[in-house]
Amino acid sequence: MAWRGNISKSLKELRILLCQSSPASASTRTFVEKNYKDLKTLNPKFPFLIRECSGIQPQMWARYDMGVERCVNLDGMNESQILKSLEDLVKAGGATKA
């Protein structure tokens, strides 16, 4: 999982939007609780933004160079699928720099 340490090299910002209480955001909340500390430790100056809003569908937004953004809808995903989505977003950012 070397890609985890390359988040700050591939992305400019990562936003995770979730609801504090809805069942649709349960996996996203668990993902954040289990992974935020490690991701932040590996990328200490990188802006990981966690936004809570009542009733919102869980989403992950990646911002790349030149203001390009990609969104992944996390509704119905489990933790491993969310992690894979994050990995795909990070690798997509690395591919644009190659």
Side-chain angles (χ1 to χ4, degrees):
M1 291 210 210
W3 64 267
R4 288 173 160 236
N6 291 327
I7 293 175
S8 59
K9 296 175 185 167
S10 300
L11 306 176
K12 295 294 182 188
E13 176 184 278
L14 183 73
R15 291 186 313 276
I16 297 177
L17 288 64
L18 56 97
C19 176
Q20 307 94 312
S21 58
S22 76
S25 291
S27 293
T28 305
R29 285 191 304 273
T30 303
F31 171 81
V32 170
E33 290 168 2
K34 288 184 177 179
N35 293 282
Y36 178 82
K37 183 179 177 185
D38 289 337
L39 293 172
K40 192 63 177 174
T41 299
L42 292 169
N43 303 275
K45 295 185 180 192
F46 183 77
F48 288 100
L49 308 175
I50 312 300
R51 300 292 185 241
E52 296 177 327
C53 180
S54 182
I56 195 168
Q57 293 297 312
Q59 303 170 16
M60 183 164 32
W61 286 84
R63 187 165 53 85
Y64 302 95
D65 284 333
M66 308 289 286
V68 174
E69 292 190 337
R70 288 183 59 195
C71 177
V72 176
N73 183 352
L74 305 177
D75 191 13
M77 288 190 181
N78 61 36
E79 290 175 61
S80 62
Q81 291 170 320
I82 294 171
L83 189 63
K84 177 67 173 129
S85 294
L86 175 56
E87 179 181 3
D88 292 344
L89 290 172
V90 171
K91 289 181 176 178
T96 61
K97 294 185 181 212

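The structure presented is a predicted model; accordingly, all values stated were derived computationally and were not measured. The figures that follow rest on heavy atoms only: side chains count, while hydrogens, waters and symmetry mates do not.
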Rounded distance (nearest 0.5 Å) linking atom [atom1] of [X] with atom [atom2] of [Y]:
X	Y	atom1	atom2	answer
Leu39	Arg4	CG	CZ	5.0 Å
Asn73	Met60	CG	CE	10.5 Å
Arg15	Cys71	CZ	SG	8.5 Å
Cys19	Gln57	SG	CD	9.0 Å
Leu11	Arg63	CG	CZ	9.5 Å

Taking the side chain as everything from C-beta on, heavy atoms only, tell me whether [X] gets closer than 4.5 Å to [Y].
X	Y	answer
Phe31	Leu74	no
Thr28	Ile82	yes
Leu89	Tyr64	yes
Leu14	Leu86	yes

- [ ] If a pair satisfies salt bridge (Lys or Arg N to Asp or Glu O under 4.0 Å) and one of its residues is in residues 20-29, list it, with sequence neighbours excluded.
- [x] none
Task: salt bridge (Lys or Arg N to Asp or Glu O under 4.0 Å) partners of residues 70-79, not counting sequence neighbours, each pair once - done: Lys34-Glu79
Task: Same apolar cluster (I L V M F W Y, side chains within < 4.5 Å links), Leu49/Val68 - done: no
Open item on the list: Does anything in residues 36-47 form a side-chain hydrogen bond (donor to acceptor under 3.5 Å, both in side chains)? List the pairs, not counting sequence neighbours.
Closed with: Ser8-Asn43
TODO: Verify, without hydrogens or angle tests, whether Ser10 (side chain) and Val90 (backbone) share a donor-acceptor contact under 3.5 angstrom.
DONE: yes
- [ ] Report the residues that fulfil side-chain contact (heavy atoms from CB on, under 4.5 Å) with Glu52, sequence neighbours left out, ordered by chain and then residue number.
- [x] Leu18, Gln20
- [ ] Taking side-chain contact (heavy atoms from CB on, under 4.5 Å) as the test, write out the residues that go with Asp88, two or more places apart.
- [x] Lys84
Open item on the list: Minimum heavy-atom separation for Lys12 and Phe46, please, with both atom names.
Closed with: C-CE1, 3.6 Å
TODO: Identify the heavy atoms of Lys91 and Glu87 that sit nearest to each other, and give their distance.
DONE: NZ-OE2, 2.6 Å
Task: Co-members of Trp61 in a cluster of I, L, V, M, F, W and Y side chains, linked at under 4.5 Å - done: Leu17, Ile56
